[in-house]
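Data block below; observations after.
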Amino acid sequence: MKIISWNLLRLTGAAVEDVGALLGREKPDVLLMQEATQHIEALPSLVGGHFHRLSWLGRVHGLAVWSPHRFAQPRALSLPASRLPGRLPRRRAQLVQMGDITFANVHLSHGQLLNRRQLARIAAALRGKPSAIIGDYNMVGPVLLPGFADVGPRESTHFASNVVPFRLDRCLVHGLACRTADALAFGPSDHRPIRLELNIAEGWGLGTGGLRARPEHHPPRRDRLRRLYR
C-alpha cells in the first residue's frame with residue numbers, strides 16, 4: 001500500500017490544485033494531510049476518490065485523508081494538552097481504517113514532552129492493531145515508543161525559517177513492514193511530502209476474530225506506556 005503524508009501549510013502553502021497534481025503524479029492508495037483548510041474539501045471534484053477532513057476548533061485548518069478506495073468514517077481522538085493559558089489548538093488525531101490497517105494521521109504539539117505524551121495516547125488507542133502513526137510530529141531527536149518502529153525517511157523534511165533542517169514528518173509502525181520510504185521534493189509548502197510503501201508484516205495472520213498477532217508478536221502493554229510517558 002502506497003502512502004503519502006503532507007503538511008500543506010494552511011492558507012499560504014499548497015492549494016487544492018497542488019494536491020491534485022501530486023495525486024496525479026504519485027497515485028497513492030492513501031494521502032494524509034495536515035494543516036488542511038476548507039478549500040481542500042474540493043479535492044474529490046478535481047480527482048475523484050473519497051475524502052474526509054477533521055477540523056480543529058478555533059483554527060482554519062485540520063487533518064484530512066483522501067483515498068481512491070472507500071473507507072469508513074474516520075474517528076477523532078483527543079490528545080493531551082498543555083495547561084498553560086493560550087496553548088491552543090487542542091490537538092486531535094484522525095484514525096482511519098483502510099482494510100486491515102489503521103492509520104493515525106497526526107499533527108502533534110511543539111512541546112517535546114507533550115508531543116511524546118500525545119504519541120503514547122495514540123499508541124494505546126490503537127490497541128496493538130497493525131497500524132501506522134504518520135504526519136507532522138514536531139519532534140526533535142529520536143522517538144522511542146514500545147512496540148513501534150520508526151520507518152519514515154531519514155532526510156530532513158522541514159527547514160525552520162528556511163535555514164535549520166529538521167526531520168519533523170515521520171512514520172512509526174506496529175505490525176507492518178516498510179518496503180520503501182523517502183521524502184519528495186519541496187513544493188509550495190514548507191514541508192516535504194513523505195512517501196512510504198507499507199504492508200502487513202510477516203507473522204501476522206487472520207483469525208476468526210479478525211486480524212491478530214501470532215504468539216511471538218505481543219502488543220505493547222498500556223501500563224508500560226504509562227510508566228514511560230506521563
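Side-chain atoms are counted along with the backbone in the values below, which use heavy atoms only and exclude waters and symmetry mates.
For the pair Asn199 and Leu176, the minimum side-chain heavy-atom distance is 4.5 Å or more. Between Leu119 and Tyr137, some side-chain heavy-atom pair lies under the 4.5 Å cut-off. Side-chain atoms of Val65 and Pro74, non-hydrogen and from C-beta on, do get closer than 4.5 Å to each other. Using a 4.5 Å heavy-atom threshold, the side chains of His191 and Leu9 count as separate. Residues Ile101 and Ser131 are not in side-chain contact: their nearest non-hydrogen atoms beyond the backbone lie 4.5 Å or more apart. In this structure the side chain of Val30 never reaches within 4.5 angstrom of the side chain of Val96, judged on heavy atoms. Considering only heavy atoms from C-beta on, Ile4 stays 4.5 Å or farther from Ile194 through its side chain. Between Ile134 and Val106, the closest side-chain pair of non-hydrogen atoms is not below 4.5 Å.
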For this session: Please lay out, stage by stage, how Asp18 and Val16 fare under the test side chain to side chain contact (heavy atoms under 4.5 Å, CB included).
Result: CA-CA 5 Å; Asp18 300 309; Val16 65; over 6 Å; no

Problem set entry | Candidate pair Trp6 and Val19, rule side chain to side chain contact (heavy atoms under 4.5 Å, CB included), full reasoning | CA-CA 9 Å; Trp6 194 12; Val19 179; 4.3 Å; yes

Problem set entry | CA sep, side-chain torsions, deciding dist, call: Met139, Gln112, side chain to side chain contact (heavy atoms under 4.5 Å, CB included) | CA-CA 6 Å; Met139 287 186 181; Gln112 296 304 298; 4.1 Å; yes

For this session: Apply the test side chain to side chain contact (heavy atoms under 4.5 Å, CB included) to residues Leu95 and Asn105: give CA-CA distance (whole Å), side-chain angles for both, the deciding distance (0.1 Å), then the verdict.
Result: CA-CA 6 Å; Leu95 304 186; Asn105 183 15; over 6 Å; no

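Closest non-hydrogen pair, Arg116 versus Pro142, comes out as NH2-O, 3.1 Å. Across all their heavy atoms, Ser156 and Pro165 have their closest contact at OG-CB, 3.3 Å. The nearest pair of heavy atoms linking Pro68 to Pro28 is CD-O, 3.6 Å. Between Ala81 and Arg90, the closest heavy-atom pair is CB-NE, 3.1 Å. Minimum interatomic distance between Ala125 and Arg75 (heavy atoms only, all atoms of both residues): O-NH2, 4.2 Å.
Between the side chain of Ser109 and the backbone N or O of Asn115, no donor-acceptor pair lies under 3.5 Å.
Residue Ser78 holds its OG atom at 11.0 Å from CD of Gln118, rounded to the nearest 0.5 Å. Interatomic distance, CZ of Arg92 versus CG of Leu77, reported as 10.0 Å (0.5 Å rounding). Atoms SG and CG, from Cys171 and Leu32 in turn, are 9.0 Å apart once rounded to the nearest 0.5 Å. Atom CD of Glu155 sits about 11.0 Å away from atom CG of Asp169, to the nearest 0.5 Å. If you take CG on Leu43 and CD on Glu17, they are separated by 10.0 Å, rounding to the nearest 0.5 Å. How far CD of Gln38 is from OG of Ser55: 9.0 Å, rounded to the nearest 0.5 Å.
Follow the hydrophobic side-chain contacts under 4.5 Å out from Leu108 and you reach Leu126 in the same cluster. Residues Met98 and Val151 share a hydrophobic cluster, clusters being chains of Ile/Leu/Val/Met/Phe/Trp/Tyr side chains in contact below 4.5 Å. Both Ile40 and Leu184 are part of a single hydrophobic cluster, where members link through side-chain heavy atoms under 4.5 Å apart. Linking ILVMFWY side-chain heavy atoms closer than 4.5 Å, directly or via other members, places Ile3 and Leu23 in two distinct hydrophobic clusters. Following chains of ILVMFWY side-chain contacts shorter than 4.5 Å, one cannot reach Leu114 starting from Ile122, and the two form parts of different hydrophobic clusters.
Applying the salt bridge (Lys or Arg N to Asp or Glu O under 4.0 Å) test to residues at least two apart or on different chains, the pairs with a partner in residues 140-150 are Asp150-Arg154, Asp150-Arg167. Among pairs with a residue in residues 96-119, those fulfilling ring-ring contact (aromatic ring centres under 6.0 Å, His included) read Trp56-His107, at least two apart in sequence or across chains.
Close placement of the Phe148 and His174 rings is indicated, their centers lying within 6.0 Å of each other.
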Enumerate, atom names and distances included, each donor-acceptor pair closer than 3.5 Å involving a side-chain atom of residues 45-54, sequence neighbours excluded.
from: Ser45; atom 1: OG; to: Ala42; atom 2: O; distance (Å): 2.5
from: His52; atom 1: ND1; to: Gln94; atom 2: NE2; distance (Å): 3.2
from: His52; atom 1: NE2; to: Gln73; atom 2: NE2; distance (Å): 3.2
from: Arg53; atom 1: NE; to: Glu41; atom 2: OE2; distance (Å): 3.0
from: Arg53; atom 1: NH1; to: Ala36; atom 2: O; distance (Å): 3.0

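Note on Arg195 versus Asp182: salt bridge recorded, some NZ/NE/NH1/NH2 to OD/OE distance being below 4.0 Å.
Using modelled atom types, one finds a donor on one side chain and an acceptor on the other under 3.5 Å when comparing His69 with Asp29. A donor-acceptor contact under 3.5 angstrom links the side chains of Asn7 and Asp136, judged on distance only. Using a 3.5 Å distance cut-off with no hydrogens or angles, the side chains of Ser5 and Gln34 do pair a donor with an acceptor.
If you run side chain to side chain contact (heavy atoms under 4.5 Å, CB included) between Arg179 and each of Lys2, Glu197, Met1, only Glu197 comes through.
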